[in-house]
Amino acid sequence: MSKIFLFLLMLALAMLLLRVLGKSSKRPDAEKPVNPPVERMVSCARCGLHVPQSEAVVDGDRFYCCETHRRGAS
């Protein structure tokens, strides 16, 4: 009876060891988040605030941080 218990205990320890080794073998860069692409920053023609170009309000060749500044600066 004790031989069966010892065999089951060793089997459980071997399975635990394989699980731990399997988790630690993952590449660390596989878990890193992907960085978003770099975007050009533009300055508001009225207040000078820098905003991403995709979020800026454009009027001709000038960029604004919001519609209010575009209307007020024109």
A.B. asks: Answer yes or no: are there more than 12 heavy-atom neighbours, outside Leu13 itself, under 6.0 Å from its atom CG?
C.D. replies: yes
A.B. asks: Indicate if Leu49 and Val57 have the same hydrophobic cluster label, given that clusters are the connected sets of ILVMFWY residues with side-chain heavy-atom separations under 4.5 angstrom.
C.D. replies: no
A.B. asks: So, do Pro52 and Arg40 sit near enough that their side-chain heavy atoms are less than 4.5 Å apart?
C.D. replies: no
A.B. asks: If I compare all heavy atoms of Thr68 with all of Arg46, which pair ends up nearest, and what's the gap?
C.D. replies: O-NH1, 4.2 Å
A.B. asks: Do you know which two heavy atoms are closest between Cys44 and Tyr64, and how far apart they sit?
C.D. replies: SG-CA, 3.8 Å
A.B. asks: Mind listing the closest non-hydrogen atom pair of Gln53 and Glu39 along with its distance?
C.D. replies: N-OE2, 3.6 Å
A.B. asks: Tell me whether Val51 is reachable from Met41 by hopping between hydrophobic residues (I, L, V, M, F, W, Y) whose side-chain heavy atoms are closer than 4.5 Å.
C.D. replies: no
